[in-house]
Participant: 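One structure, pasted below without further comment.
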Amino acid sequence: MPRYAQLVMGPAGSGKSTYCSTMVQHAESLNRSVQVVNLDPAAEYFNYPVMADIRELIQVDDVMEDNSLRFGPNGGLVFCMEYFANNFDWLEESLGHVEDDYILFDCPGQIELYTHLPVMKQLVEQLQQWEFRICGVFLVDSQFMVESFKFISGVMAALSAMVSLEIPQVNVMTKMDLLAPKAKKEIEKYLDPDMYSMMEDNSDTFRSKKFKKLTKAICGLIEDYSMVRFLPFDRTDEEGINIVLQHIDFSIQYGEDLEVKEPKEVDEEQSNLNYDEIFQDKVSS
Ligand SMILES: Nc1nc2c(ncn2[C@@H]2O[C@H](COP(=O)(O)OP(=O)(O)OP(=O)(O)O)[C@@H](O)[C@H]2O)c(=O)[nH]1
Ligand SMILES: [Mg+2]
């Protein structure tokens with residue numbers, strides 16, 4: 001039996017930890033068991049129960065206080081993640097060997113982890129060896145997406161994670177509840193974007209021909225992949241949360257291997273009896 005995982009990624013403050021706790025609550029309401037592993041060694045606050053916490057293995061503060069290392073917060077985090085990659089047996093022990101489990105990994109927000117550092121890819125490969133089917137969930141804050149050039153940079157970040165991890169990925173625009181109705185309408189065009197027309201909208205803002213050409217090339221690239229789409233995520237909207245979950249479940253084929261529930265056996269005599277009654281009713285009417 002496979003196991004299932006979501007790798008919850010995205011820039012700092014994009015809402016990863018909030019997404020995890022919202023998903024846990026939503027899963028509870030569906031009678032499903034979903035657990036969370038905190039993989040952020042600098043995490044200070046999250047309001048979900050954790051099944052494992054990387055801070056038991058290593059903490060950024062300890063690394064920063066170490067006089068021989070002398071790291072700042074970002075270097076410290078990278079050091080922690082490399083240490084983690086060398087100690088996956090800690091994770092194996094914490095996860096146990098439960099068939100059919102469904103785990104969310106709340107990742108740190110440093111964008112370099114998803115663009116060029118190898119640790120996330122190593123984690124993916126390790127999880128696959130443990131028979132996990134993994135979906136990347138890349139979160140981007142909708143507040144920063146109301147202008148097209150910001151949107152393009154968000155898309156590029158998501159695409160970069162997608163290309164480097166080589167797993168199915170669902171991109172999510174978070175904090176939709178904070179948008180004013182007008183901005184919400186404006187942002188709708190980004191949910192299923194036609195990149196070229198978006199670039200035309202903005203043609204006045206391009207300062208030079210070269211910049212315009214570059215932007216056009218980037219838009220072409222994104223369009224060719226045609227995989228960077230965003231789903232809106234409003235933590236107050238159960239239906240919207242369910243749509244996001246369904247997309248993710250579909251990408252990792254969750255539920256396909258679940259045992260089929262047999263319909264209740266009907267007593268044959270009883271069912272014949274019912275049929276006779278219905279027949280009699282029909283004849284007499
Ligand atoms: N209104 C609203 N606020 C949100 C939502 N998601 C996150 N927030 C707020 O945004 C802030 C950051 O959210 P987190 O969930 O901690 O973000 P994160 O991506 O885990 O942050 P880091 O782990 O520091 O990278 C918090 O103050 C949350 O309350 C949302 O959907 N709606
Ligand atoms: Mg967090």
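Counting starts at 1 for both ligands and their atoms, in listed order.
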Participant: List the closest protein heavy-atom neighbour of atom 17 (O) of ligand 1: residue, atom name, distance to the nearest 0.1 Å.
Facilitator: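 For atom 17 (O) of ligand 1, the nearest protein heavy atom comes out as G15 N, 3.2 Å.
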
Participant: Around atom 25 (O) of ligand 1, find the nearest protein heavy atom and jot down its residue, atom name and distance.
Facilitator: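 That would be K16 NZ, 2.9 Å.
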
Participant: Using only atom types and a distance under 3.5 Å, with no angle test, would you say the side chain of Q59 pairs donor to acceptor with the backbone of A42?
Facilitator: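 Side chain of Q59 to backbone of A42: no pair is present.
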
Participant: I'd like to know if atom 5 (C) of ligand 1 has any protein heavy atom within a distance of less than 4.0 Å.
Facilitator: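 Protein heavy atoms within 4.0 Å of atom 5 (C) of ligand 1 - there is at least one.
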
Participant: Around atom 29 (O) of ligand 1, find the nearest protein heavy atom and jot down its residue, atom name and distance.
Facilitator: R235 NH1, 4.0 Å

Participant: Should we say atom NE2 of H247 is surrounded by more than 12 heavy atoms from elsewhere, each under 6.0 Å from it?
Facilitator: no

Participant: What donor-acceptor contacts under 3.5 angstrom involve side-chain atoms of residues 118-132, with partners at least two apart or in another chain?
Facilitator:
| residue | atom | partner | partner atom | Å |
| --- | --- | --- | --- | --- |
| K121 | NZ | L165 | O | 3.4 |
| K121 | NZ | E166 | OE1 | 2.9 |

Participant: Check step by step if side chain to side chain contact (heavy atoms under 4.5 Å, CB included) holds for L104 and Y102.
Facilitator: CA-CA 7 Å; L104 311 183; Y102 198 118; 4.1 Å; yes

Participant: Does T174 have a heavy atom less than 4.0 Å from any atom of ligand 1?
Facilitator: no

Participant: At less than 4.0 angstrom from any non-hydrogen atom of D40, what atoms of ligand 1 do you find?
Facilitator: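 Result: 23 (O).
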
Participant: Between ligand 1 and Y19, is the shortest N or O to N or O distance under 3.5 Å?
Facilitator: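 No, Y19 has no N/O under 3.5 Å of an N/O on ligand 1.
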
Participant: Around atom 7 (C) of ligand 1, find the nearest protein heavy atom and jot down its residue, atom name and distance.
Facilitator: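 The closest heavy atom on the protein side is T18 OG1, 3.3 Å.
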
Participant: Under 4.0 Å from a heavy atom of D177: give me the atoms of ligand 1 that qualify, with their elements.
Facilitator: 1 (N), 2 (C), 30 (C), 31 (O), 32 (N)

Participant: Indicate yes or no: at least one non-hydrogen side-chain atom of I134 is less than 4.5 angstrom from one of I252.
Facilitator: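 Not touching, per the 4.5 Å side-chain cut-off.
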
Participant: Which residue holds the protein heavy atom closest to atom 21 (O) of ligand 1, what is that atom called, and what is the gap in Å?
Facilitator: G13 N, 3.2 Å

Participant: Do M23 and V137 touch side chain to side chain, with heavy atoms closer than 4.5 Å?
Facilitator: no

Participant: Are F84 and F79 an aromatic pair by the rule of ring centers under 6.0 Å?
Facilitator: no

Participant: Write out the residue and atom name of the closest protein heavy atom to atom 10 (O) of ligand 1, then the distance separating them to 0.1 Å.
Facilitator: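 Result: K175 NZ, 3.1 Å.
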
Participant: Between D249 and R133, is there a side-chain N and carboxylate O pair less than 4.0 Å apart?
Facilitator: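 No.
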
Participant: Enumerate the protein N/O/S atoms at a distance below 2.8 Å from the Mg ion (ligand 2), ignoring waters.
Facilitator: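 As for protein N, O or S atoms lying under 2.8 Å from the Mg ion (ligand 2), they are S17 OG.
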
Participant: Flag the pair V37 / D106 as yes when at least one side-chain heavy-atom distance between them is below 4.5 Å, and no otherwise.
Facilitator: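 In short, these two side chains do not touch, never coming nearer than 4.5 Å.
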
Participant: Can the ring centres of Y254 and F250 be said to be less than 6.0 Å apart?
Facilitator: no

Participant: Classify the ring geometry between F138 and Y114 as parallel (under 30°), tilted (30 to 60°) or perpendicular (over 60°).
Facilitator: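 The arrangement is perpendicular - the two ring planes meet at more than 60°.
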
